[in-house]
Amino acid sequence: MLEGEGLNKGFSRISRKNFLKYCSIAAATLGLPPTMAKKLAAAANADNRPSVIWLHFQECTGCTETLLRTNHPGIGELVLDLISLDYHETLMGASGKQAHEALKKAMAANRGKYVLVVEGSIPTKQNGIYCQIGGQTAIDMLKEVAGGAMAIIAIGSCASWGGVQSATPNPTGAVGVSELIKDKPIVNLPGCPPNPYNLLSTVMYFLTFKKLPKLDGKGRPVFAYGKTLHSHCERKDHFDAGRFVKKYGDEAHQKGYCLYVMGCKGPVTYANCSAIGFNELGVWPVSAGHPCVGCTEKEIAFEVSLYKAPKILNAEAPKCLDNMVVETFPVPGSVKESGGSLVGAVVVGAAIGAIAGYAGAIASKLPSKDDEK
Amino acid sequence: MAQKIVIDPISRIEGHLRIDVEVDGGKVKNAWASGTMFRGIEKILEGKHPNDAWFITQRFCGV
């Protein structure tokens with residue numbers, strides 16, 4: 001049982017019980033021992049709310065919605081109490097000139113200290129005319145605001161790698177933040193929508209350890225995107241035993257068998273949906289009877305048909321798959337996971353160099369502390 | 001003398017909106033609303049299987 005107070009700042013309606021529950025979930029999501037929840041709670045209560053500027057570009061506001069519409073009161077409220085949200089077009093009262101002035105003021109007051117959250121991709125074709133805010137293109141606005149940021153969180157697949165509008169033929173030249181900003185630490189939290197617990201955990205990690213969590217070759221926190229969905233899927237036993245759904249509504253579907261044959265991208269999608277779920281009910285697409293669509297992966301989401309399954313180049317795949325007609329697609333840049341049994345789409349040679357470079361860039365900007373002590 | 005008022009961005013909505021208003025003698029003479037963001041989802045849908053379309057069109061708006 002955790003000791004200590006509830007969240008005693010902001011205008012939170014979160015009970016002490018729920019506050020401590022969220023701290024425990026955040027600690028678990030981060031892969032930290034349960035005792036660390038107390039440290040996260042203490043850091044959340046310390047008077048160090050970072051200023052956050054939240055920009056929207058080519059987006060659907062789904063990332064904001066998934067954060068705010070969880071519970072009453074819920075995780076969204078907790079995140080908003082942990083930070084000082086100084087600019088957010090969906091939530092702020094001001095419009096037009098007043099909104100623009102609020103942005104300028106927040107940037108000037110916390111220059112070099114604020115965290116920039118970006119939701120949505122940035123169109124680059126025709127000098128970025130496809131997204132303009134207050135007459136300024138998304139490219140210019142991003143570069144201007146990123147210039148004074150300490151770190152950037154790209155929330156959702158759009159800000160991480162371009163999202164739905166970057167699908168072939170990418171009419172507007174939509175790209176993620178890391179394509180345009182090279183001199184700031186960037187955390188990508190892809191997902192369509194991303195899981196709000198991953199944002200909460202990233203924020204709590206940052207408040208507690210004063211640095212960003214460890215990232216993979218695509219700039220994603222390893223705690224959330226280090227494993228495939230498949231590796232901790234609740235239906236994995238059915239996969240291993242060769243029990244597959246072959247048609248929506250069939251007996252196997254009603255029994256909750258594996259959705260691989262229906263086109264599940266779980267074996268090549270790196271995310272923790274199957275471990276923490278959504279909507280605080282633990283639900284996620286597969287638990288609702290639909291295959292994973294691979295929304296965190298640039299090469300898969302919106303590019304590969306929902307009904308094609310990733311080709312599994314693995315001798316350990318159930319034998320019955322040999323006799324079944326499965327429409328497959330080759331996994332881009334596939335290599336075998338070390339020690340694992342499935343195909344990996346993420347870890348390629350070039351990416352490993354990027355991890356080291358990334359870690360270095362972050363370490364030099366933010367004070368480092370020993371986390372797990 | 002007509003006065004032009006521009007409100008951009010409009011907040012508390014999904015997406016990006018700009019309002020231009022022409023005011024003359026305290027009365028609105030003309031007004032324009034513009035969506036200032038374009039993604040080209042229709043172009044992306046060309047050539048896709050109809051069964052895959054819902055997953056893409058669903059991303060128009062997340063609110």
Side-chain angles (χ1 to χ4, degrees), chain A residues 56-66 69 87-100 102-103 119-121 123 125 129-138 156-158 163-174 192-193 263 293 295 301-302 304-308, chain B:
Chain A
H56 293 85
F57 297 127
Q58 284 178 303
E59 47 84 52
C60 73
T61 319
C63 301
T64 291
E65 288 289 327
T66 192
R69 300 203 191 277
Y87 186 86
H88 188 302
E89 282 162 27
T90 317
L91 301 178
M92 66 197 300
S95 273
K97 194 179 159 204
Q98 285 81 10
H100 192 66
L103 176 62
E119 181 176 347
S121 61
K125 279 191 187 165
I129 58 164
Y130 294 112
C131 181
Q132 296 180 46
I133 297 120
Q136 192 179 24
T137 63
S157 293
C158 298
V164 61
Q165 49 277 342
S166 73
T168 311
N170 195 350
T172 60
C192 197
V293 297
C295 71
F302 315 114
V304 179
S305 169
L306 295 177
Y307 304 93
K308 284 186 181 177
Chain B
M1 183 68 193
Q3 188 196 358
K4 188 96 174 270
I5 298 170
V6 180
I7 309 170
D8 181 11
I10 297 285
S11 61
R12 283 160 288 158
I13 56 157
E14 179 272 327
H16 300 282
L17 181 68
R18 172 191 175 106
I19 301 286
D20 290 76
V21 184
E22 214 174 76
V23 183
D24 197 1
K27 284 190 176 167
V28 174
K29 289 284 171 201
N30 218 337
W32 299 265
S34 343
T36 57
M37 186 264 281
F38 175 77
R39 287 175 287 176
I41 303 282
E42 298 87 344
K43 281 277 163 210
I44 292 164
L45 282 170
E46 283 174 11
K48 290 266 195 305
H49 193 282
N51 283 349
D52 289 334
W54 67 266
F55 176 53
I56 291 169
T57 54
Q58 203 182 43
R59 265 74 193 161
F60 279 146
C61 180
V63 177

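Within every chain, numbering begins at 1; the chains are lettered A, B, ... in the order of the sequence lines, protein sequences first and strands thereafter.
The structure places SG of A:Cys295 at 7.0 Å from CZ of B:Arg59, a figure rounded to the nearest 0.5 Å. From A:Gln98, atom CD reaches atom CD1 of B:Ile7 across 8.5 Å, with rounding to the nearest 0.5 Å. To the nearest 0.5 angstrom, A:Lys308 atom NZ is 10.0 Å from B:His49 atom NE2. Summarising the geometry, atom CD1 belonging to B:Ile5 is positioned 11.5 Å from atom NZ belonging to A:Lys97; distances are rounded to the nearest 0.5 Å.
The backbone N or O of B:Ser11 lies less than 3.5 Å from a partner atom in the side chain of A:Ser95, making a donor-acceptor pair. A donor-acceptor distance shorter than 3.5 angstrom exists from the side chain of B:Arg12 to the backbone of A:Gly93, with no hydrogens or angles considered. Remark: side-chain polar atoms of B:Arg18 are not paired, donor with acceptor, to backbone N or O of A:Gln132 under 3.5 angstrom.
Both the backbone and the side chain of A:Ser305 come within less than 4.5 Å of a heavy atom of chain B. Looking at B:Ile56, both its backbone and its side chain come within 4.5 Å of chain A, counting heavy atoms on both sides. Contacts between B:Phe60 and chain A at a heavy-atom distance below 4.5 Å involve the backbone alone (N, CA, C, O). The contact between A:Ala167 and chain B is made by backbone and side chain atoms together, counting heavy-atom distances below 4.5 Å. Neither the backbone nor the side chain of A:Ala138 comes within contact range of chain B; no heavy atom of the residue lies under 4.5 Å from a heavy atom of that chain. Within the 4.5 angstrom heavy-atom criterion, no atom of A:Cys63 approaches chain B.
Tested against B:Val63, the residues A:Thr64, A:Thr90, A:Thr61 include a single side-chain contact (heavy atoms from CB on, under 4.5 Å) partner, A:Thr61.
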Checking B:Arg39 against A:Cys60 for the side chain to side chain contact (heavy atoms under 4.5 Å, CB included) test, could you report, in this order, the C-alpha distance in whole Å, the side-chain angles of both residues, the deciding distance, and whether it holds? CA-CA 10 Å; B:Arg39 287 175 287 176; A:Cys60 73; 4.2 Å; yes
When you look at B:Ile44 and A:Phe302, which way does the side chain to side chain contact (heavy atoms under 4.5 Å, CB included) test go after all the steps? CA-CA 9 Å; B:Ile44 292 164; A:Phe302 315 114; 6.0 Å; no
Worked verdict on A:Glu89 versus B:His16 for side chain to side chain contact (heavy atoms under 4.5 Å, CB included): CA-CA 9 Å; A:Glu89 282 162 27; B:His16 300 282; 3.7 Å; yes
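Between B:Phe38 and A:Gln58, the shortest heavy-atom contact is O-NE2, 2.8 Å. A:Cys131 and B:Met37 get closest at one heavy-atom pair: SG-CG, 3.9 Å. Among all heavy-atom pairs drawn from B:Pro9 and A:Ala99, the shortest one is CG-CB, 4.3 Å. When every heavy atom of A:Gly135 is checked against every heavy atom of B:Asp8, the shortest pair comes out as N-OD2, 3.4 Å. Closest non-hydrogen pair, B:Lys48 versus A:Thr168, comes out as NZ-O, 3.9 Å. Closest heavy-atom contact between A:Leu306 and B:Asn51: CD1-O, 4.0 Å.
Put simply, of A:Val293, A:Asn170, A:Leu91, the one with the most heavy-atom pairs under 4.5 Å next to chain B is A:Val293. Per-residue heavy-atom pair counts under 4.5 Å with chain A were compared for B:Gly35, B:Gly40, B:Ser34, and the maximum is reached by B:Gly40.
Atom NZ of B:Lys43 has 12 or fewer neighbouring heavy atoms from other residues, nucleotides or ligands inside a 6.0 Å radius.
In this structure, the side chains of A:Tyr307 and B:Asp52 come closer than 4.5 Å at one or more pairs of heavy atoms.
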